[in-house]
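Structure, as structure tokens:
Hydrogens, waters and symmetry mates are skipped; everything else that's a heavy atom, side chains included, is used. Nothing here was measured: the structure is a model prediction, and the numbers come from that model.
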Amino acid sequence: ITFKDAEEMHRAAKSIGLTSIVRPESNENWAIARYLTLGINGIMLTYMDNAKMVQNAISQIRQTRARDHSDILVIVNLQTLEGLRNLEEIVSVDEVDVVFVGPGDLSGEMGYPGDIYHPEVRSAIERVLNVTIQKGKIPGALVDVTNVEYYHQKGVRYLYHHINNFLTRGADEFLELVRDEPSKAH
């Protein structure tokens, strides 16, 4: 999406009391600051490999929104092997609210590109979720209709579902209803 799209989506979310979250195109200071000046409520930091990287990004959040930086939802998208190795130190950063595990990128890093259901990838995801819960942070996961109940029962509260899948399922259900309706023509 474009910056203008993010601005419009933030306004729409705000008008109905939803939290606006953006995943900046970069973790560089200019990109984080750019979105925070809109009033965005949450930032997803990507490719965070260690606590120092996370703390640098959080410093930018503090500088940009000095008066209300503690109100910004900080989400770390854990998606690299180095990030996985440094999981405990990343989760221990005070200002981190949510640790989301990015299964697509992580599966590629682990040598199983796109195979988010590979046992080693699943094990890594479970580790991230368990450590996040143990540290008292909010765990996040990619979900679909086949696993959302499992993750929710596990304590995952940041549930991400690709909009394309969400819309496709709704369209499929709608079309199924329309196709199954008996003809009303006389």
Co-membership, hydrophobic cluster, residues [X] and [Y], 4.5 Å side-chain:
X: L106; Y: Y112; result: yes
X: Y151; Y: V98; result: no
X: Y158; Y: L87; result: no
X: Y150; Y: V128; result: yes
X: V131; Y: V156; result: yes

Answer whether the closest heavy-atom distance between the side chains of [X] and [Y] falls below 4.5 Å.
X: I43; Y: I21; value: no
X: L84; Y: L78; value: yes
X: E89; Y: K52; value: no
X: N50; Y: V54; value: no
X: D115; Y: Y117; value: yes
X: L36; Y: V22; value: no
X: D97; Y: K137; value: no

Assess whether atom CD of E149 is packed by more than 12 heavy atoms of other residues, nucleotides or ligands within 6.0 Å. no

Counting only heavy atoms not in M9 (residues, nucleotides, ligands), do more than 12 fall under 6.0 Å from its CE? no

Between the side chains of [X] and [Y], is a donor N or O closer than 3.5 angstrom to an acceptor N or O?
X: T80; Y: D49; result: yes
X: S92; Y: E88; result: no
X: Y47; Y: D105; result: yes
X: N56; Y: S59; result: no
X: N41; Y: T19; result: no

Testing L129, V74, T132, I75 for side chain to side chain contact (heavy atoms under 4.5 Å, CB included) with V99, which one passes? T132

Scan M48, K135, M53, Q55 and name whichever one has a side chain to side chain contact (heavy atoms under 4.5 Å, CB included) with V93. Q55

Polar side-chain atom of [X] near backbone of [Y] as donor-acceptor pair, under 3.5 Å:
X: D172; Y: R169; answer: no
X: R23; Y: L45; answer: no
X: N86; Y: E82; answer: yes
X: E109; Y: L81; answer: yes
X: R62; Y: S70; answer: no
X: H161; Y: V143; answer: yes
X: S26; Y: A31; answer: no

So which atom in [X] and which in [Y] form the shortest heavy-atom distance, rounded to 0.1 Å?
X: P103; Y: V121; value: O-CG1, 4.5 Å
X: L159; Y: H152; value: CD1-CD2, 4.0 Å
X: P139; Y: I133; value: CG-CG1, 3.6 Å
X: L38; Y: A6; value: CD1-C, 4.4 Å
X: I138; Y: R157; value: CG2-CB, 3.9 Å
X: V101; Y: N77; value: C-OD1, 4.1 Å

Candidates E25, E28, E7 - the one meeting salt bridge (charged side-chain N to carboxylate O under 4.0 Å, His left out) with R34: E25

Find the distance between CD1 (I61) and CG (N29) and round it off to the nearest 0.5 Å. 10.0 Å

Can you tell me how far apart CD1 (I125) and CE (M110) are? Round to the nearest 0.5 Å. 8.5 Å

Is there a side chain to side chain contact (heavy atoms under 4.5 Å, CB included) between N147 and L142 once you walk through the steps? CA-CA 9 Å; N147 62 15; L142 174 67; over 6 Å; no

